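Structure first, commentary second.
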There are 2 protein chains.
Amino acid sequence: MKWTELDENWCPVARTLTLVGDRWTLLILRDCFLGRSKFEEFAETTGATRHILSSRLKRLVTAGVLERRPYQDRPKRHEYVLTEKGREFGPALIAFRDWGKKHMPVRRTATATKE
Amino acid sequence: MKWTELDENWCPVARTLTLVGDRWTLLILRDCFLGRSKFEEFAETTGATRHILSSRLKRLVTAGVLERRPYQDRPKRHEYVLTEKGREFGPALIAFRDWGKKHMPVRRTATATKE
DNA sequence: ATTTGTTCGTTCCATTTTGGAACTTTAGCA
DNA sequence: TGCTAAAGTTCCAAAATGGAACGAACAAAT
């Protein structure tokens, strides 16, 4: 089954997933809620390739979850900010955060271990 | 960046995504909350291929979100049921559902339109 | 005894999507 | 002029996916 077919699904969860049902998209939204808004910031903090970042941001803007707006002229630069629709997605991320805090402890690696 | 690297991420959202950050996994969990528990049920209602279903269920069981347990002998059959850890993921799905109900209206297609 | 049906997968392969890095454009600054 | 920064785009090899067939293990029907 293709993902585009899901947007006519009877289930609201399924329809939601057509838009935000992938890792990078959710990480981008997390960033937005943390106040980040620039392409380069997303690239650094999410670890997504610029390629994927570009396509995901486009999708979110098209869907009306983010708004792409200029924050300076010459050189023209844009930033991505949450719309009302996007802000209302907050509770979902809170739920993910809380569940992660409780059930997904940080796995330390050799390099991450200090002390 | 590889996904496996995210599980040592400082962010609990990111760590959560290493486990449930894909569409099929979340649809499977939705099914579980709706009371479904069998492989064939998941296959039909999520639309995921048996291949993907198999790998996702394994991951969820390994992570302790689902428990694979026999519900009959001869022919041996198993079902997948939410553990306490899995049940605590409910609020996240509720948030997805609510957001979807409000912001992702069903897109009707020609065949779906009747009357 | 052979065929059919059910459940739960595994295997195979062509198509998509990713990851990773380089390249482009526009413009300020030294 | 050369260097840096932001925001993408392009390219290609590697990984994930979809689609459908195949397999095992047993029950029920013919």
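Everything quoted here is computed from the prediction, not taken from an experiment. Sequence lines set the chain letters: A, B, ... in the order given, protein chains first and strands last, and positions in each chain run from 1.
You'll find that the side chain of Trp24(B) is closest to dG18(D), out of dT11(C), dG18(D), dC11(D). Of the listed nucleotides (dT18(C), dA7(D), dT17(D)), dA7(D) has the atom at the smallest distance from the side chain of Arg68(A). Between dG9(C), dT18(C), dA7(D), one nucleotide has an atom nearer to the side chain of Arg56(A) than all others, and that is dT18(C). Considering only the side chain of Arg50(A), dA7(D) comes nearest among dC8(C), dT11(C), dA7(D).
Nucleic acid contact for Tyr71(B): sugar-phosphate only, since backbone atoms but no base atoms lie under 4.0 Å from a heavy atom of the residue. Heavy atoms of His78(A) sit under 4.0 angstrom from primed sugar atoms or phosphate atoms, though from no base atom. Nucleic acid contact class of Lys76(A) (heavy atoms, under 4.0 Å, all strands): none.
With respect to Glu79(B) and Arg36(B), no salt bridge is recorded, no charged nitrogen being found less than 4.0 Å from a carboxylate O. Salt-bridge annotation for Lys85(A) and Glu88(A): absent, with no side-chain N of the basic residue lying under 4.0 Å from a carboxylate O of the acidic one.
Where Arg77(A) and Lys58(A) each meet DNA chain D at their nearest nucleotide, the meeting point lying more 5' is that of Arg77(A).
The nearest whole Å value for the distance from the CD atom in Glu44(A) to the C1' atom in dA21(C) is 16 Å. We find that CD1 of Ile52(A) is positioned 15 Å from C1' of dT10(D), with the value rounded to whole Å. In this structure, Leu57(A) places its CG atom 10 Å from P of dT9(D), rounding to the nearest Å. In this structure, the CD atom of Glu79(B) is 12 Å from the P atom of dG9(C), given to the nearest Å. Residue Gln72(A) contributes atom CD, which lies 9 Å from atom P of dG28(C) at whole-angstrom precision. Regarding Arg59(A), its CZ atom lies at a distance of 18 Å from the C1' atom of dG8(D), rounded to whole Å. Distance, Leu53(B) CG to dT11(C) C1': 16 Å, rounded to whole Å. Following rounding to the nearest Å, Phe39(B) (CZ) and dA24(D) (C1') show an atom-to-atom distance of 14 Å.
If you take CZ on Arg15(B) and CH2 on Trp99(A), they are separated by 11.0 Å, rounding to the nearest 0.5 Å. In this structure, the separation between CG on Asp22(A) and CD1 on Ile28(A) is 8.0 Å, given to the nearest 0.5 Å.
Contact between the side-chain N/O atoms of Tyr80(B) and the OP1/OP2 oxygens of dG9(C) is found at a separation under 4.0 Å. Applying the 4.0 Å criterion to OP1 and OP2 of dT9(D), one finds that Ser54(A) has a side-chain N or O inside that range.
A tilted orientation is assigned to the rings of Phe42(B) and Tyr80(B), their planes being inclined by 30° to 60°.
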